[in-house]
There are 2 protein chains.
Amino acid sequence: MEAERTRPRPSGSANGTGTLGKAIDVLELVAETDEPIRFTEILRRCDQPRGTLHRQLSNLVEEGLLVVNRDHSYSLGVRLLKFASKAWANNEFRVIAEPHLRRLHELTGETVHMGVLRGLEVIYLDKVESRQAVRMYSQIGNASPVFCTGVGKAALSCLSKETVEEMLPRIAFRRFTEHTLVDPATFAKAIDRARSEGVAYDREEHEIGIRCVAAPIHTADRSFVAGISVTAPAYRAGEETIAGWVDLVREAAAAIMDDMRNRLGPRV
Amino acid sequence: MEAERTRPRPSGSANGTGTLGKAIDVLELVAETDEPIRFTEILRRCDQPRGTLHRQLSNLVEEGLLVVNRDHSYSLGVRLLKFASKAWANNEFRVIAEPHLRRLHELTGETVHMGVLRGLEVIYLDKVESRQAVRMYSQIGNASPVFCTGVGKAALSCLSKETVEEMLPRIAFRRFTEHTLVDPATFAKAIDRARSEGVAYDREEHEIGIRCVAAPIHTADRSFVAGISVTAPAYRAGEETIAGWVDLVREAAAAIMDDMRNRLGPRV
DNA sequence: AATCATCGTTCCGATATTTGGAACGTTATT
DNA sequence: AATAACGTTCCAAATATCGGAACGATGATT
């Protein structure tokens, strides 16, 4: 069970340990709130002494990770953008996958995503779409639940039945649409099926009118577990259409994993 | 000089204070290296004891800000993307400026940027362009020098002559092209001119073949200092063309500052 | 305009974490 | 196989954090 040791803790809040961990927990708390948040409000949500919280916030501001607004509310600092820009540009998996994502987009004409598993969330690493109707950055970096996204289910299908079983009770199955799978057992069955078929689906489970097909990608040692998907509005993605994408997505995933083995060396 | 107190320290490396500051310095060091970097290499660059560095790295990995690769090299973690995604989406100034940037793009047909001053750097907050030839994320979050970018010079023109004077010795004037201003005195004159004219230029100072016109935007208290710009390849941006953009950029900047006053309230 | 309540900041002894040198395994190289 | 370089662990000493309480600022209410 060595691999478990450094696994990121569940995406739930406030279990950071050490000085850094506590500070990042505060940062996360500000991030989760999608608008400027004031001192007292933060104080209420993280149970810490006033003095302590005040110093932590000051340190975060000093580092440029937070900014204080005129009304003493806190927002995320632009320095985070700089870090992320580097994290994105230098991510080896993303660089390797990129041409394959582009090809998949050309073959299907639809939006293609790549998302990596982190704890109980999927974080989108890349996106290829034709029309720039939706804003850039609209998806990259976004964190979505594993249980109602194609990429999330595909990623989980990389893990063993037992590992998934252990995750289930920590997942907060929340109903997003009438099609969302909210029963852990049903969900587990869907993962089993994805594992044997090599593809996972999202039929309007996260958002009404949006469907997708996804396939898993991972390193041999499962230290990197992710998924790629083709997403389209439901009216363009009937069952027959979706079925036609399955092989394309699977092949793209296989090609990416091939490249990963060749360029990064086989892992364990 | 109260305003100086919490100003982000110069973008140079390794002057973080406190436990958090030191950890973020290490993170920055990894970020600056554009490829995976190994323990010993980090050790050489930050003069810290082995044991200390080892623990700091472990903590950063534990928090998901770094990842360790199979060969013990370190890369930035995807958790940074999640933070940045929120920082971008929720940035009030960006949200306010966005429609104006779009309009400016429509009026000129060229790429429009918005960048904010942070220490001695400009960090790009937004970008609007028609063709998606260049990858998304290609610019956002990017940190560029103040002294050879239109946005950087525009931003500096918001500051007093004295403040700029104090910054000069800390700026590492590096020659990017034959047109780069590498003499502090000449550069200071350019800023003075930008201050009186309300626009700054970049005539292939950062990159051969790229020119731009930029205008400053800022809050009354200068806690937010930024610039917007229209950028184009030199063959499409002759002197007459650029001159035609000046008023458009200035007007867009004025409109953004109007909106800022209305929506955020006048600051100081 | 004055009062009161809420909010944010500062202070300092107690506490827990970090620090840093050295010794110990582990992996690559000759 | 021997050697060197690298990464990890350990623990007493140093130091930053912790956290309660007092203080000052802000702004809402009468």
Side-chain angles (χ1 to χ4, degrees), chain A residues 1-6 14-27 29-30 33 35-63 65-75 221 223 264-268, chain B residues 2-6 9 14-27 29-30 33 35-63 65-75 221 223 264-268:
Chain A
M1 294 298 141
E2 277 302 290
E4 300 293 291
R5 196 166 44 93
T6 50
N15 15 17
T17 183
T19 307
L20 178 67
K22 290 172 200 164
I24 300 300
D25 280 347
V26 173
L27 190 65
L29 206 156
V30 176
T33 312
E35 46 194 65
I37 180 174
R38 300 191 54 148
F39 181 86
T40 307
E41 182 60 21
I42 302 177
L43 185 63
R44 172 166 30 246
R45 299 200 199 175
C46 69
D47 53 346
Q48 291 200 77
R50 304 158 78 84
T52 300
L53 177 64
H54 189 264
R55 182 180 35 75
Q56 287 170 337
L57 288 169
S58 300
N59 289 339
L60 286 165
V61 169
E62 176 110 1
E63 291 307 317
L65 305 182
L66 286 181
V67 289
V68 276
N69 305 312
R70 174 143 213 79
D71 63 344
H72 298 271
S73 63
Y74 292 85
S75 309
D221 66 355
S223 64
L264 302 178
R267 297 207 173 171
V268 179
Chain B
E2 278 300 290
E4 301 291 293
R5 195 167 43 92
T6 51
R9 79 184 78 90
N15 14 18
T17 184
T19 306
L20 178 67
K22 290 171 201 166
I24 300 300
D25 280 347
V26 173
L27 190 66
L29 206 156
V30 176
T33 312
E35 47 194 66
I37 180 174
R38 298 190 54 141
F39 181 86
T40 308
E41 182 60 21
I42 303 177
L43 185 62
R44 174 169 26 249
R45 300 198 200 175
C46 71
D47 54 345
Q48 292 201 75
R50 303 157 78 82
T52 300
L53 178 62
H54 188 266
R55 182 180 37 75
Q56 287 170 335
L57 288 169
S58 300
N59 290 338
L60 287 165
V61 169
E62 176 110 3
E63 291 307 318
L65 305 182
L66 285 182
V67 288
V68 276
N69 305 311
R70 176 140 213 81
D71 64 344
H72 298 270
S73 63
Y74 293 84
S75 309
D221 66 356
S223 65
L264 303 178
R267 299 209 172 170
V268 177

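Nothing here was measured: the structure is a model prediction, and the numbers come from that model. Residue numbering restarts at 1 for every chain, and letters A, B, ... go by the order of the sequence lines.
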request  = Provide, to the nearest angstrom, the distance between the CZ atom belonging to A:Arg70 and the P atom belonging to D:dA25.
outcome  = 16 Å
ask   = Of all the choices, C:dT18, D:dT17, D:dC18, which nucleotide is nearest to the side chain of A:Asn59 once you look at every atom?
value = D:dT17
task = Report the distance from atom CZ of A:Arg55 to atom C1' of C:dG8, rounded to the nearest whole Å.
result = 16 Å
ask   = Starting at the 5' end of DNA chain C and moving along, which residue's nearest nucleotide shows up first, A:Ser73 or A:Gly18?
value = A:Ser73
message = Taking only side-chain N and O atoms of B:Thr19, does any of them lie within less than 4.0 angstrom of OP1 or OP2 on D:dT17?
response = yes
key: Pair of N/O donor and acceptor under 3.5 Å linking C:dG8 base with A:Arg50 side chain   = yes
task = Look at B:Lys22 and C:dT19 and indicate whether a side-chain polar atom (N or O) is within less than 4.0 Å of OP1 or OP2.
result = yes
ask   = Less than 4.5 Å apart, any side-chain heavy atom of A:Glu41 and any of A:Thr33?
value = no
task = Figure out the CD1/P separation between B:Ile24 and C:dT18, and round it to whole Å.
result = 14 Å
key: Candidate nucleotides C:dG8, D:dT8, D:dG7, ranked by approach to the side chain of B:His54 - the nearest   = D:dT8
message = It should be established whether A:His72 places a side-chain nitrogen or oxygen under 4.0 Å from OP1 or OP2 of nucleotide D:dA25.
response = no
key: Name of the residue among B:Leu27, B:Leu60, B:Thr19 meeting side chain to side chain contact (heavy atoms under 4.5 Å, CB included) with A:Leu20   = B:Leu60
task = Report yes if some heavy atom in the side chain of B:Cys46 is under 4.5 Å from a heavy atom in the side chain of B:Asp25; otherwise report no.
result = no
Separation of atom CD1 in A:Ile42 from atom C1' in C:dC7, rounded to whole Å = 13 Å
request  = Could you check how far CD of B:Gln48 sits from P of C:dG21, rounded to whole Å?
outcome  = 11 Å
inquiry  = Around atom CG of B:Asp71, are there more than 12 heavy atoms from other residues, nucleotides or ligands closer than 6.0 Å?
reply    = yes
note = To the nearest angstrom, the CG-P distance between B:Asp25 and C:dT19 comes to 12 Å
request  = Ignoring backbone atoms, test whether B:Arg38 places a side-chain nitrogen or oxygen under 4.0 Å from the OP1 or OP2 oxygen of D:dG7.
outcome  = yes
Atom-to-atom span, CG of B:Leu53 to P of C:dG21 - whole angstrom = 14 Å
ask   = Can you check the A:Phe39 CZ to D:dG24 P distance for me, whole Å?
value = 18 Å
query = Between A:Glu41 and A:Leu20, who's closer to the 5' end of DNA chain C by nearest nucleotide?
reply = A:Glu41
ask   = Closest to the A:Pro49 side chain: C:dG20, D:dG19, D:dC18?
value = D:dG19
inquiry  = Less than 4.5 Å apart, side chain to side chain, heavy atoms only: is that true for A:Arg70 and B:Leu264?
reply    = no
